[in-house]
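Please read the structure below before turning to the comments.
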Amino acid sequence: MLITRKSIPRRTFLRGAGAVLALPVLDAMTPALAADAKRPIRMSFIEVPNGIMMDKWTPATEGAGFALTPVLEPLAQFRDRMLVLSGLDQGQSKGLPFEVGGDHPRACTAWLTGAHAKMTSGADLRAGISVDQVAAREFGKYTQLASLEVGLESAEVVGACESAYGCAYYNTISWRNDTTPLPMENRPRAIFERLFGSAGTDAKARLVLRQEDRSILDAVAQDVSRLRGKLGGADRGKIDQYLEAVRDVERRIQLAEAQGDHDLPQMGGPIGISPVFSEYYKLMADLMVLAWQTDMTRVCTFQIGHEMSGRAYPEVGFGDAHHSVTHHQGDPEKIAKVIQINIFHTKMLAYYLDKLRSTADGNGSLLDHALILYGGALSDGNLHLFTDLPLLLVGGIKGGRHVRYPRGTPMGNLLLTMLDKANVPPVDRLGDSTGRLELPSA
């Protein structure tokens with residue numbers, strides 16, 4: 001196909017028995033020498049709650065050759081792909097004189113918007129458009145979904161969550177505009193069906209497949225066989241890898257649903273959520289990889305937990321709530337637990353990055369053609385500081401450096417720079433940004 005310049009339509013779907021399945025991006029979807037064609041940049045924004053122990057995050061030296069700190073050590077294999085960024089503030093997290101409390105909701109709201117959250121527990125929410133939605137306005141012209149908002153905690157709580165701040169401020173890091181927060185979806189089944197069931201899939205047929213314990217892949221098997229006969233060897237390999245990943249995700253969702261039905265009735269959580277955090281995280285990460293692999297969307301936001309998250313992490317050896325141990329007041333035992341949680345989170349990030357690196361995209365990988373921002377909306381969770389935030393930029397960049405910017409530099413400057421690197425049409429300003437940042441050149 002690459003030699004003869006034949007191609008198949010970019011928006012080709014596999015169909016059968018009421019099921020519709022999007023295809024991954026194939027070389028055959030573009031004319032000759034498609035493997036060399038310019039791949040789109042994808043963007044992902046990942047926020048962890050309650051701050052990070054900064055002395056265990058921030059490298060002691062700047063530039064190249066810095067020693068990895070305990071929290072960054074799990075990312076050692078991605079060292080050449082990542083920039084540790086210091087000195088950036090999100091000033092709109094600061095409370096105004098008349099505002100009561102609200103450090104957590106203001107922080108997570110300002111993180112990607114650079115805007116101040118209006119103190120309200122009613123419907124009159126106000127902040128600003130977030131960087132992911134600026135990108136989504138452009139990338140959504142070419143994809144079925146403009147963006148994908150993923151979270152690992154339920155957004156079902158409403159009303160006031162801290163002082164006079166509505167829970168809606170906690171439940172997302174993504175804002176479509178000044179008044180519209182976008183809910184983060186925490187149900188794997190809902191995300192799966194949004195990706196693979198929103199292009200005309202018959203809901204009744206899907207239900208029959210599920211009841212018969214069959215995969216959506218069983219329904220499209222004939223179409224798969226016909227398509228494979230038209231493709232070259234490289235594309236057949238991509239199809240096989242992709243279908244294997246879809247089947248694995250389906251199996252894990254079904255297993256989580258079975259566990260939810262029988263083992264943990266007291267949790268009352270949404271369908272398909274594993275009681276084991278690492279399994280839950282990996283399932284959601286795999287869904288985001290599939291979303292990029294099929295080019296269903298090019299923008300993801302991923303909220304690991306709400307600010308003030310009380311999630312416990314028994315996998316790391318204790319059952320204390322995350323938020324409570326961040327208010328350690330110098331207690332060495334609590335500090336040690338916070339560090340363990342921080343390290344656990346970066347281990348999970350390493351899993352996501354590895355999946356992206358191992359998924360082919362043209363002559364490179366999805367990781368080669370991505371910009372991923374990871375970090376916290378607070379630095380010191382004990383004191384609720386929003387200055388010198390923990391930020392990590394990973395992907396198709398010249399990495400291996402710790403870059404420190406002048407004290408008080410707005411984080412919004414980084415967000416504008418990311419949009420430029422993703423080839424989004426220039427934006428003059430985002431929130432309280434004052435310009436662009438210089439990143440190490442490739």
Side-chain angles (χ1 to χ4, degrees), residues 22 24-26 35-48 72 74-75 77-85 112 130-140 142-150 173-174 191 195 238 241-242 245 281-282 284-304 345-346 348-375 391-401 403 414-424 437 439-442:
V25 179
L26 302 174
D36 294 327
K38 187 175 180 65
R39 272 351 198 222
I41 299 297
R42 290 85 169 187
M43 304 185 80
S44 183
F45 303 89
I46 306 174
E47 188 233 3
V48 291
L72 296 176
L75 302 170
Q77 61 182 309
F78 303 101
R79 182 191 182 98
D80 63 333
R81 305 288 193 93
M82 68 188 198
L83 293 173
V84 184
L85 307 175
L112 296 183
S130 53
V131 64
D132 59 300
Q133 292 306 298
V134 175
R137 288 180 178 179
E138 175 64 19
F139 296 156
Y142 313 103
T143 60
Q144 188 162 315
L145 302 175
S147 59
L148 192 63
E149 295 76 42
V150 180
I173 53 175
S174 180
I191 295 175
L195 293 175
K238 288 182 182 179
Q241 180 193 37
Y242 166 65
Y281 183 109
K282 290 176 180 179
M284 296 298 237
D286 287 353
L287 283 165
M288 291 190 294
V289 172
L290 287 173
W292 280 1
Q293 190 177 2
T294 55
D295 205 29
M296 291 291 282
T297 190
R298 296 174 186 174
V299 183
C300 294
T301 48
F302 190 22
Q303 189 177 29
I304 305 304
H345 285 160
T346 49
M348 293 296 97
L349 174 62
Y351 172 86
Y352 174 52
L353 298 178
D354 186 58
K355 293 288 284 193
L356 292 173
R357 184 175 59 181
S358 62
T359 303
D361 187 51
N363 281 336
S365 70
L366 287 178
L367 185 59
D368 294 326
H369 307 130
L371 284 174
I372 300 164
L373 181 66
Y374 175 91
L391 297 169
L392 188 70
L393 188 62
V394 192
I397 57 175
K398 183 175 179 62
R401 284 168 170 74
V403 183
L414 168 65
L415 303 180
L416 286 181
T417 302
M418 290 180 65
L419 291 173
D420 291 345
K421 287 194 168 293
N423 301 315
V424 175
L437 294 184
L439 297 177
S441 58

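The first residue of the sequence shown is numbered 1, and numbering continues consecutively from there. A quick note: this is a predicted structure, and the numbers were derived from the prediction, not measured.
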Next item on the list: Applying salt bridge (Lys or Arg N to Asp or Glu O under 4.0 Å), run through Asp368 and Arg81 and close with a yes or a no.
Entry: CA-CA 9 Å; Asp368 294 326; Arg81 305 288 193 93; 3.0 Å; yes
Checklist line | Side-chain heavy atoms of Met288 within contact of Val150, under 4.5 Å | finding: yes
Notebook entry, point to check: Are Leu392 and Leu85 close enough that some pair of their side-chain heavy atoms sits under 4.5 Å apart?
Noted result: no
Next item on the list: Report yes if the side chains of Thr143 and Met296 come closer than 4.5 Å at any heavy-atom pair, otherwise no.
Entry: no
Next item on the list: Check whether the side chains of Ser147 and Gln133 place a donor and an acceptor atom closer than 3.5 Å, and report yes or no.
Entry: yes
Margin query: Below 30° counts as parallel, above 60° as perpendicular, anything between as tilted: where do the rings of Tyr352 and Trp292 land?
Written below: tilted
Next item on the list: Among Val394, Val289, Asp361, find the one that has a side-chain contact (heavy atoms from CB on, under 4.5 Å) with Leu356.
Entry: Val289
Checklist line | Reference residue Phe139; test side-chain contact (heavy atoms from CB on, under 4.5 Å); the match among Val134, Leu145, Val424 | finding: Val424
Next item on the list: State, without any angle test, whether Asp286 and Tyr351 hold a side-chain donor-acceptor pair at a distance under 3.5 Å.
Entry: yes
Notebook entry, point to check: Considering only heavy atoms from C-beta outward, does the side chain of Val403 approach that of Val84 to under 4.5 Å?
Noted result: no
Checklist line | Closest approach of Met82 to Leu75 (non-hydrogen atoms, all atoms of both residues) | finding: SD-CB, 3.9 Å
Check: Is there side-chain contact between Leu83 and Ile397, with at least one heavy-atom pair below 4.5 Å?
Finding: yes
Note to self: Counting C-beta onward and ignoring hydrogens, is there a side-chain heavy-atom pair between His345 and Tyr374 closer than 4.5 Å?
What the structure shows: yes
Item checked: Chi angles and distances behind the side-chain contact (heavy atoms from CB on, under 4.5 Å) call for Tyr142, Asp295 -> CA-CA 9 Å; Tyr142 313 103; Asp295 205 29; 5.6 Å; no
Check: Is the closest basic N to carboxylate O distance between Asp132 and Arg298 below 4.0 Å?
Finding: no
Note to self: Is any side-chain heavy atom of Leu439 closer than 4.5 Å to one of Lys421?
What the structure shows: yes
Item checked: Nearest atoms (heavy-atom pairs only) where Phe45 meets Met418 -> CE2-CE, 3.6 Å
Check: At what distance, to the nearest 0.5 angstrom, does CZ of Arg401 lie from CG of Leu393?
Finding: 13.5 Å
